[in-house]
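Letters go in sequence order (proteins before strands), and every chain restarts at 1. The structure presented is a predicted model; accordingly, all values stated were derived computationally and were not measured.
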Amino acid sequence: MKNFKKQINVGTLLSAFIISTILFVAGLYVGYGISTQKLSSVEKEILEINRDVENFQIQFLLLDVLGENATCPVLKNTLSDINKRSYALGSKLEASNPESEILTYREYINLKKEYSRVLIGYWLLANKFQKSCLSDITTIVYFYSKTCDRCDDQGVVLTYLKNKYGKKLLVFALDTDLDEPGIEAIKKHYEIKKYPSLIINGKLYEGFLGVDELEEIIRG
Amino acid sequence: MILTIINYIAWYIFVFISVVWILVFLQNKNKIRDTTVKTYKLPSVTVIIPAYNEEKTIEKTIKSVLSLNYPKELLDVIVVNDCSTDRTKHIAEKFTSKRVVVLNNEKRMGKAYCLNKAIKISKSELIACLDADSIVEKDILTKMIPYFKDESVACVAPALKVWEKKSFLEKIQHAEYILNIFLRKCLEFLDAINVTPGVFSIYRKKVLEEVGGFDEGNLTEDMEIALRIHDAGYKIKNSHTAMSYTMCPKKWSELFKQRIRWYRGSIQNYVKYKHMLLNPKYGNLGVFFLPMNLIAVFSIIILLVTIAWNYTENIVDSIRNLFLVNFDLSFVFSNINLENIVMQLMTTPMLLGLFGLFFGTYILYRAFNISEDDPSESKMGLILYLLFFPFVLMLFWLLAIIYEILNIKKMW
């Protein structure tokens, strides 16, 4: 056949295009809704922890008035409360799986920043508690970055130890990619240049530390 | 981030293609249901059976052709023995008669050569090609022939099922073949059938001669001839009730070889017929099916590779983690948190994936429906086909692309 022109089902293709676009947009919309829902529940928890940290601060004022014997046990309780919740929230925040959620990525980053601000405040108070009450708790600030090779491993080791030591070990994981002024200030103060880096009871350790090495440090 | 966007695009394409199939199906539902056989002046038919080492099946193949419901004087058979090293020649020659001719090649020349050789001596109006590891149902011709009433139809393809479905691999392929019956029927309505299987596709001899017969250098001559027929402006039809059955690979190694051949052949034909791509002259085939197929293969490869990569990464990570925590197994379990798992699963891509799964299942259901097959007979095959087989096929595609780029010599 010399001159031919085959059929194009423009109508069918066009309606398929419209239907699939509607479905796709609907899917994105519902996905966005779920994602926002997840983040707002995280946000609520951050606020609650923040309130606890503020509460902790007020309890500290009692220290001067009532003395150590009366105040330290109360403080210890509050600290372990916050500790439990902040720890669960940290893994919840990681689990909200932001990388596939393009639409809510910015919100997620903002929440992470907010969370790290709360963490810093919490860490400072924990340090203060350690000094004032001569407590045997260990605080570890953990600096990590997306581009760092062994950060995932370090995270696993810390989670493991956290599970093992419970209340006695406080871990504050700070994401250095966030560009959060508070984190930057601590980094500058301790002159942190590489990741993973740990500040254990105020002392800086650079590079990956395994379970055995860390346990040695914790036990002193 | 880029990977995420590609994932979204891949899901979109998957949903789009599924919607096209479903729309085409729903629009033509009545035509599909209407299986009344139309009458038409019966033309003469030559069945060509190219055979290379098919001693196990060729007897059944020839017998199934000889018992077709068709006037004897209008049907003849040409078996082309492509220098088989087993008893193929001996078995085929037992059938030699006025209606059955056996030709022997001096050297192994390939399937396309065998077909062309037989076409030259055939005097029939229509040519049916039949692989020597396949059989046909008695009424196949009476169901297919009426489509030739339309002079612009150059070829009619039948429905193809798996002959034996004993092993897992065969059961999985059974689901795949059923799906192809559905897709081929939908493609017919779009005038975009891109493969006319070597199992009893019937060609108008006049057109075969006009386009120059089968391409003897091609890896997948059944796809090549289909594209060439379209290129010449003719139509290809499909009868989804005309049943034929073929042996499919029983071993993974055979499947691997078959698919690498198919996919490399596809790539070569894409290159050969690139002038059809996006060319409105070739209708739905040019502007929709060929380009869409190309994009779909690439995006699904990317999608599946990412999924597979994530799974492997997770497994490797958990093993690595065990080393990190001095093989304290309690850690692995203590870290499982239902809420977090739900959180991780409830993502937008997962939601879009559910759409995909829903459409895929609907299409499969319809496919079983129109090919009058019972899905409950092959539950396991179906589940494996849906969840596992796409990964295998994509791996084969990936390898075929790599082989083709590196130009590794053919391995069969």
Most heavy-atom pairs under 4.5 angstrom with chain B, which of A:L103, A:V10, A:L28? A:L28
Count the heavy-atom pairs under 4.5 Å between each of A:A26, A:A88, A:S35, A:G31 and chain B, then report the option with the highest count. A:G31
So does A:K168 have more than 12 non-hydrogen atoms from other groups sitting under 6.0 Å from NZ? no
Less than 4.5 Å to any heavy atom of chain A: does that hold for the side chain of B:N326, its backbone, both, or neither? side chain
Are more than 12 heavy atoms, taken from residues, nucleotides or ligands other than A:E191, located less than 6.0 Å from that residue's CD atom? no
Heavy-atom contact with chain B under 4.5 Å, split by part of A:Y29: neither
B:Y270, OH atom: more than 12 neighbouring heavy atoms under 6.0 Å: yes
Any non-hydrogen side-chain atom of A:F4 less than 4.5 Å from a side-chain atom of B:Y234? no
One should read off an interatomic distance between A:I34 CD1 and B:M350 CE, to the nearest 0.5 angstrom, of 11.0 Å
Can you confirm whether A:K76 is buried at NZ, in the sense that more than 12 heavy atoms of other residues, nucleotides or ligands lie under 6.0 Å from that atom? no
Okay, B:L351 and chain A: the region with an atom under 4.5 Å from a heavy atom over there is side chain
For A:V30, is it the side chain, the backbone, both or neither that has a heavy atom under 4.5 Å from a heavy atom of chain B? both
So, do B:L23 and A:I19 sit near enough that their side-chain heavy atoms are less than 4.5 Å apart? yes
Output the residues of residues 354-365 of chain B for which the shortest heavy-atom distance to chain A is under 4.5 Å, in residue-number order; output 'none' if no such residue exists. B:F355, B:F359
Any side-chain heavy-atom pair from B:L324 and A:V211 closer than 4.5 angstrom? no
A:T12 and B:F189, any side-chain heavy atoms less than 4.5 Å apart: no
Taken to the nearest 0.5 Å, the spacing of A:D153 CG from B:N321 CG works out to 7.0 Å
Once you round to the nearest 0.5 Å, how far does CG of B:D191 lie from CG of A:N9? 9.0 Å
Most chain A-contacting option - heavy-atom pairs closer than 4.5 Å, from B:F288, B:Y12, B:W21, B:F16: B:Y12
Should B:D317 and A:V156 count as side-chain neighbours, where that means a heavy-atom distance under 4.5 Å? no
Among B:I17, B:L190, B:V207, B:L285, residue most engaged with chain A (heavy-atom pairs, under 4.5 Å): B:L190
Would you check if B:T347 and A:E101 make a side-chain contact, meaning some heavy-atom pair closer than 4.5 Å? yes
Using non-hydrogen atoms and a 4.5 Å limit, figure out which bit of B:V287 sits close to chain A: side chain, backbone, both or neither. side chain
Side chain, backbone, both or neither of B:L352 within contact of chain A (heavy atoms, under 4.5 Å): side chain
